[in-house]
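Worksheet for the structure shown next.
Just so we're clear, the structure is a prediction, and the values are computed from it rather than from any experiment.
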Amino acid sequence: MNSDGLVNKVEINTPGGISFSLLLASPVTRCMAYTVDIFCILLIWNIASILIRISSVISADIAQAFVYIFLFVIMICYGMILEWWWNGQTLGKRLFRLRVVDAEGLRLTPVQIVIRNLLRAVDSLPFFYMVGGLACLASKRYQRLGDYAARTYVIREKKVREPDISQVMPDKYNSFRDYPYLAARTRSRIIPAEADMLLKALLRRNSLSPEIRTEIYSKLALFIKDKVEFPQEATDGISDERYLKNILDILYRRRS
């Protein structure tokens, strides 16, 4: 917590009983990321407006109306499409290593993404994102109105070196690699903080009693299955520990 009473981290408690800390993105960093997004939106709009005017067979006034309608649509849909496709990230957020996450550690739902992006219209009032900026400064977790309504946080992901995971790699064939589409989905839906949490849990295997280890690994496996689920033929007969090792293998060792 800093001197203003704002917390720099947020503790995520998942419904399955898993807890982990995430570093919150500051209002300044969020503003910089949104500036990049605005630039991208205006670039798309300018290209589209030129194409609309060139291909238009109707009056100039109607073409101009279509141009501004398209601007409104792209302002709303830009964030919705990218935050769903990139699991809480837009181009600006990817550049500054920011990500939108659910307040309970779950994958963002379409409803959450729609709500937080629709409320940008309110957050941007009266100009220069003043309402949203003031809300972020007043919030202990740097949330704008859209984040409050959608129950989301914007976090900052640290750039970390690829860890040595040789100790926890599966000693048998990883059946999950037979499903490259699901493997790619796993990498897109599990954020670095969650991957680090899995790795630390497996590295501490020998320091945990069998009962506690079984309970923790069971909760972690359920947590991952809520994000992406492999078919039964790929998971039959494997323990929760082996399941987590297979997941880490996919996250950290990308094979062609």
Side-chain angles (χ1 to χ4, degrees), residues 8-25 82-90 93-109 152-172 174-208 212-230 234-235 238-256:
N8 296 320
K9 292 184 178 180
V10 61
E11 187 79 12
I12 300 292
N13 298 302
T14 72
I18 305 298
S19 299
F20 55 96
S21 297
L22 297 173
L23 187 64
L24 289 167
L82 290 185
E83 285 180 4
W84 174 253
W85 186 259
W86 281 337
N87 191 19
Q89 288 187 307
T90 58
K93 289 184 178 70
R94 285 175 76 90
L95 180 63
F96 288 94
R97 297 187 177 277
L98 307 185
R99 187 183 300 274
V100 184
V101 298
D102 174 75
E104 295 182 345
L106 301 175
R107 175 173 169 79
L108 291 176
T109 65
T152 57
Y153 303 124
V154 179
I155 63 167
R156 181 162 59 89
E157 297 178 332
K158 291 183 178 180
K159 186 177 182 179
V160 295
R161 294 179 180 177
E162 185 168 314
D164 179 12
I165 57 172
S166 57
Q167 303 176 54
V168 297
M169 282 300 93
D171 53 359
K172 298 180 180 179
N174 186 351
S175 58
F176 293 4
R177 289 194 173 277
D178 291 338
Y179 305 89
Y181 174 75
L182 292 177
R185 181 182 294 179
T186 300
R187 287 189 287 267
S188 69
R189 291 186 176 181
I190 297 178
I191 64 176
E194 295 165 348
D196 184 62
M197 174 183 64
L198 297 180
L199 177 59
K200 288 178 179 177
L202 288 170
L203 288 174
R204 293 182 57 195
R205 179 184 187 280
N206 294 330
S207 65
L208 302 172
I212 293 177
R213 185 168 66 235
T214 299
E215 180 183 358
I216 291 176
Y217 290 173
S218 175
K219 288 181 178 180
L220 287 172
L222 288 174
F223 174 68
I224 298 301
K225 288 174 183 178
D226 184 72
K227 292 176 174 288
V228 59
E229 189 169 358
F230 286 82
T235 59
I238 68 173
S239 65
D240 290 328
E241 181 178 347
R242 172 70 187 282
Y243 180 92
L244 297 177
K245 287 183 177 182
N246 285 355
I247 292 294
L248 279 178
D249 182 42
I250 287 173
L251 292 175
Y252 287 110
R253 296 200 302 194
R254 301 189 182 189
R255 301 170 185 163
S256 58

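Shown here for S175 and A234, the closest heavy-atom pair between the two residues is OG-O, 2.8 Å. The two atoms that bring N87 and S188 nearest to each other are ND2-O, 2.9 Å, heavy atoms only. Heavy atoms only, all atoms of each residue included: R177 and I250 are closest at NH2-CA, 3.7 Å. In plain terms, the two heavy atoms of I212 and L208 that are nearest each other are CG2-CD2, 4.3 Å. In this structure, I238 and R242 approach most closely via the heavy-atom pair CB-CG, 3.8 Å. Nearest heavy atom pair, residue L251 against residue A195, reads CD1-CB, 3.7 Å.
Looking at L82 and Q89, their side chains never come closer than 4.5 Å, going by heavy atoms from C-beta outward. Annotation: side chain of L22 is in contact with side chain of I191 (closest heavy-atom distance under 4.5 Å). Looking at M197 and L220, their side chains come closer than 4.5 Å, going by heavy atoms from C-beta outward. The closest side-chain heavy-atom distance from V100 to V154 is below 4.5 Å.
Using a distance-only test at 3.5 Å, with no hydrogens or angles considered, no donor-acceptor pair links the side chain of R205 to the main chain of R213. Checked by atom type and distance alone, the side chain of R189 never pairs as donor or acceptor with a backbone atom of I224 at under 3.5 Å. Here the side chain of S218 pairs no donor or acceptor atom with the backbone of T214 at under 3.5 angstrom.
K245 has no carboxylate O lying under 4.0 Å from a charged side-chain N of D249, or vice versa, which leaves the two without a salt bridge.
The OG1 atom of T90 sits 8.0 Å away from the CG atom of L98 when rounded to the nearest 0.5 Å. Distance CG/D102 to CG/L108: 6.5 Å, rounded to 0.5 Å. How far CD1 of I155 is from CG of L24: 8.5 Å, rounded to the nearest 0.5 Å. Atom CG of residue L202 and atom CD1 of residue I247 lie 11.0 Å apart, to the nearest 0.5 angstrom. Within the model, atoms CG of L244 and CD of E241 stand 8.0 Å from one another, a figure rounded to the nearest 0.5 Å.
In summary, of the residues considered (T235, T186, N174), a side chain to side chain contact (heavy atoms under 4.5 Å, CB included) with N246 occurs for N174 alone. Screening R97, R99, K93, R94 against E157 for a side-chain hydrogen bond (donor to acceptor under 3.5 Å, both in side chains) leaves a single residue, R99.
A ring-centre distance under 6.0 Å is not found for Y243 and Y217.
Relative ring orientation between F230 and F176 is described as parallel, the plane-to-plane angle staying below 30° on a 0-90° scale split at 30° and 60°.
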